[in-house]
Amino acid sequence: MTPQDNRDLFAIADLAREFGISTRAIRFYEAKGLLAPERVGATRVFRRRDRARLILILRGKRLGFSLRDISDYLSLYDANRTQQVSLLIGKVDERLASLETQLEDLQTTISELKEIKKLADDRLDKAG
DNA sequence: ATTCTTACA
DNA sequence: TGTAAGGA
């Protein structure tokens, strides 16, 4: 409305709509300490800062990090930029290692299934 | 209508 | 996290 006004003020429903998540999820993140929106009475008022943090939360989730990991990372958002980067590197390495293990396990499972299928197909040929 | 908290699944 | 309940 006003020319330079509340483009940095968001209601919980605004963010929920924008990112396709529930208002419940946003409240949940706050309860876990990942978000700390201001309050006008009892109603939450989010600023660009909170929105930026939410984006980081969602990205972290998408990459498979726990809310705890994301929380630890966000906690250093203000002060230790360097420490934050170090933590990030550690978590990323951890995640990468985990994914690589999972990938190996999946490849093993895929190979086993293919072998089973091959044997089963052979039996079908001999029989049918 | 919308949001808030609490509690249970 | 969804859903329900009871208020503001």
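The shown structure was predicted, so the numbers you read here are calculated from the model rather than taken from an experiment. Side chains included, hydrogens not; waters and symmetry mates left out as well; all remaining heavy atoms used. Just so it is clear: chains get the letters A, B, ... in the order the sequence lines come, proteins before strands, and each one is counted from 1.
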Interatomic distance, [X] [atom1] vs [N] [atom2] [rounded to whole Å]:
| X | N | atom1 | atom2 | answer |
| --- | --- | --- | --- | --- |
| A:Arg17 | B:dT2 | CZ | P | 9 Å |
| A:Phe46 | B:dT2 | CZ | C1' | 14 Å |
| A:Ile12 | B:dT2 | CD1 | C1' | 10 Å |
| A:Phe10 | B:dT2 | CZ | P | 19 Å |

### Query
Can you name the one residue among A:Thr108, A:Thr109, A:Ile110 that meets side-chain contact (heavy atoms from CB on, under 4.5 Å) with A:Glu112?
A:Thr108
### Query
Can a donor-acceptor pair under 3.5 Å be found between the side-chain atoms of A:Arg24 and the base atoms of C:dT3?
yes
### Query
Is the shortest side-chain N to carboxylate O distance from A:Asp122 to A:Lys126 below 4.0 Å?
no
### Query
Would you call A:Lys117 and A:Asp121 a salt bridge, taking side-chain N to carboxylate O under 4.0 Å as the test?
yes
### Query
If you look at every strand shown and take non-hydrogen atoms under 4.0 Å, does A:Arg27 touch a base, only sugar-phosphate, or nothing?
base
### Message
Base, sugar-phosphate or nothing for A:Ser22? Non-hydrogen atoms, less than 4.0 Å.
### Response
sugar-phosphate
### Query
When clusters are formed by joining ILVMFWY residues with side-chain heavy atoms under 4.5 Å apart, either directly or through shared neighbours, do A:Leu56 and A:Leu63 land in the same one?
yes
### Message
Counting only Watson-Crick pairs (N1-N3 plus N6-O4 or O6-N4) and G-U wobbles (N1-O2, O6-N3), all under 3.5 Å, who is the partner of B:dA1?
### Response
none
